Colleague: 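The structure is given below, and queries will be raised subsequently.
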Amino acid sequence: MLATQINHHVQGGSLRKGCFVRLKKYQANEVKGKKILIILELDVLEELGEAEKIGEPQALESNAQDAPTKPAPIPSNGFYGDKKPQATPAQTKSLPSRNQAPSSSAHANIYPIEALSPYSHKWTIKARCTNKSDIKTWHNRNGEGKLFSVNLLDESGEIRATGFQEQCDTLYDLFQEGSVYYISSPCRVQIAKKQFSNVNNDYELTFDRDTVVEKAEEQDGVPQVRFNFTSIGDLQSVEKDTTIDVVGVLKDVGEVSQITSKTTSKPYDKRELTLVDNSGYSVRLTIWGNSATTFDVVPESVVAFKGVKVSDFGGRSLSLLSSGSMTVDPDIDEAHKLKGWYDAQGRTDTFASHANMAGATMGAAGGRSDPFKSIAQVKDEQLGMSDNTDYFSIKATIVYIRQENFNVAYPACLSEGCNKKVIETEPGEWRCERCDRTHPRPQYRYIMSANVSDHTGQLWLNLFDETGRMVVGMSADDLMDLKERDEKAAAEVLQEATCKTWNFKCRAKMDSFQEQQRVRYQVSSCSPLNFAVESAKLADLIKQYNLD
Ligand SMILES: [Zn+2]
């Protein structure tokens, strides 16, 4: 029997009758007196072709008496470290000692979480509780009830478990976030209701009356909460309603306020936090209920969130799900890096908010994807050459920023939302034609032309203030100020901005200038490379070549 995570071998058509496979990970089970092998990982050896039958295979006799209760030698088992004395199960049974604490030999049959399925019986998992919900109650015509759920994590994966009614009473206090537990069948394994969960598993558990839950003596050897962070700068490219993990420095903490739900008419407490990270962006994140009222984290702490929902309200904003969790100053690389970055420069940086980006991304219907192209593809596909605007993304390196006479920024009107170019009519008097006003000084805004390159070609991109600020690493005002004092230093800042690689989101549009038509490529947002994500993309690409 194949575990769901290798369904792709069947769907992709590589696993066919008569083909050869190499078993890499499996679990031997017994169901109703029949032996079943659940395959967790296999390679199809396509180079060996297909054969009708090899040799003279014999059916294995099922012999329940001799069935070993020791687990099959699955590699991931080794992860749990040296188990305590491997007392044979038979001995354990012959010593019906009542006053003995359950020894770890009672947990000899430990399954990895990814091996759990409705076909697994008699199992124990050893897992860390990474999240525990509040107790939820319901009332309806059929009566009332309560439930709570926990997220459980081991080296192989994650699963959600729920306790209803009596199980809610008996188990709720036993579970603590962060602690490691042995959980043993009987316990129901069923298809996950994914709309209520941010856990990536096709199955979920429901505690039974007889489910055994024990806190493990040794608390280490089981991984901590795992995060899959999206940088704040990358949120633009995340679809609305996606659940993500995010880590950032707490820049601002709002007051608790109450809103009334439109659907349930119930009041909710909420609090808005502002997070920043080294992508140069800030984002608003809303927390709810107890988390909101009891929140007492000091600003400038690093906070990691697991399970936040992305909304497109005000550009991009985040909301902590009830199944999500929050960790303050977690002992993980990403947090230490952010702390270092914040102390060195982040504290004084200015940040672009996704709210400001809304204008740049609106205009097309929601859900638009900006597919990644190579520069050669952008040209070959003649993007922007028709009447429509084309949208695309490229990964490219800045090789040159055009800077004759330092024309990378223009003096703009200080009036809110105007941005029109102003002209110095008298010293200290900058006049805006549109507002019909004079300001004592302008606000410089970037308007840059940068030559970028990838392995297929080169392209000129236009960058405006938001993206220019990210690429240069300082505001145009600061740059022009520096230029007044030390032109050489300012030129060096621009020089520093080259030879850096970014993911650019662009639009291509036909432009007429002095009766000449040409395509202009305008950057609507950019983000520094996330090397882990890029490597995974490259690995996928390489896999498509089917090399071995
Ligand atoms: Zn103006």
Side-chain angles (χ1 to χ4, degrees), residues 233 236 251-252 274 276 280-284 312-317 348-364 389 391 401-450 460-487 490-491 493-494 497 504-514 516 518-526:
Q236 283 298 326
K251 188 82 179 162
D252 186 57
T274 305
V276 297
Y281 275 85
S282 70
V283 70
R284 276 183 306 121
D312 58 1
F313 180 71
R316 281 284 182 278
S317 57
T348 54
D349 272 0
T350 50
F351 296 90
S353 80
H354 286 290
N356 294 345
M357 298 300 292
T361 48
M362 267 178 337
T389 306
Y391 298 88
I401 294 173
R402 191 174 276 157
Q403 48 186 299
E404 292 88 17
N405 307 320
F406 230 83
N407 59 349
V408 292
Y410 71 96
C413 174
L414 273 180
S415 306
E416 200 169 320
C418 178
N419 297 344
K420 192 93 182 138
K421 185 172 179 172
V422 289
I423 294 161
E424 194 171 25
T425 48
E426 303 274 339
E429 284 192 13
W430 296 81
R431 178 169 166 73
C432 173
E433 290 291 333
R434 185 195 282 168
C435 304
D436 194 17
R437 270 187 64 181
T438 305
H439 300 283
R441 61 181 181 86
Q443 183 191 31
Y444 280 93
R445 295 177 63 84
Y446 283 112
I447 180 158
M448 283 197 305
S449 187
W460 285 96
L461 300 180
N462 293 310
L463 291 93
F464 298 126
D465 201 47
E466 295 283 355
T467 47
R469 183 186 300 226
M470 285 193 69
V471 162
V472 176
M474 64 167 69
S475 71
D477 260 347
D478 289 348
L479 182 70
M480 296 312 276
D481 188 45
L482 179 62
K483 185 215 153 203
E484 288 306 310
R485 288 180 283 120
D486 184 349
E487 186 153 345
V493 168
L494 286 180
F504 295 99
K505 279 193 164 216
C506 308
R507 46 188 149 176
K509 199 171 185 293
M510 191 62 90
D511 204 37
S512 306
F513 181 69
Q514 294 175 344
Q516 285 232 340
R518 50 182 290 191
V519 183
R520 286 165 63 88
Y521 304 98
Q522 185 177 317
V523 177
S524 52
S525 70
C526 64

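As the structure lists them, so they are numbered: ligands from 1, and atoms in each ligand from 1. All values reported here derive from a predicted model rather than from experimental measurement. Side chains included, hydrogens not; waters and symmetry mates left out as well; all remaining heavy atoms used.
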Colleague: Are there any protein N/O/S atoms under 2.8 Å from the Zn ion (ligand 1), and if so, which?
Modeller: Cys413 SG, Cys418 SG, Cys432 SG, Cys435 SG
Colleague: For the pair Asp465 (side chain) and Tyr446 (backbone), establish whether a donor and an acceptor sit closer than 3.5 Å, ignoring hydrogens and angles.
Modeller: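 Such a contact is found between Asp465 side chain and Tyr446 backbone.
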Colleague: Would you check if Lys421 and Pro442 make a side-chain contact, meaning some heavy-atom pair closer than 4.5 Å?
Modeller: no
Colleague: Would a 4.5 Å heavy-atom cut-off, applied to side chains only, mark Trp430 and Leu414 as touching?
Modeller: no
Colleague: Between CZ of Arg431 and NZ of Lys420, what distance do you get to the nearest 0.5 Å?
Modeller: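 Those atoms lie 12.5 Å apart.
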Colleague: Name all pairs fulfilling the salt bridge (charged side-chain N to carboxylate O under 4.0 Å, His left out) condition that reach into residues 403-412, sequence neighbours left out, sorted by first residue then second.
Modeller: none
Colleague: How long is the span from the CZ atom in Arg520 to the OG1 atom in Thr389, to the nearest 0.5 Å?
Modeller: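 Output value for this atom pair is 12.5 Å.
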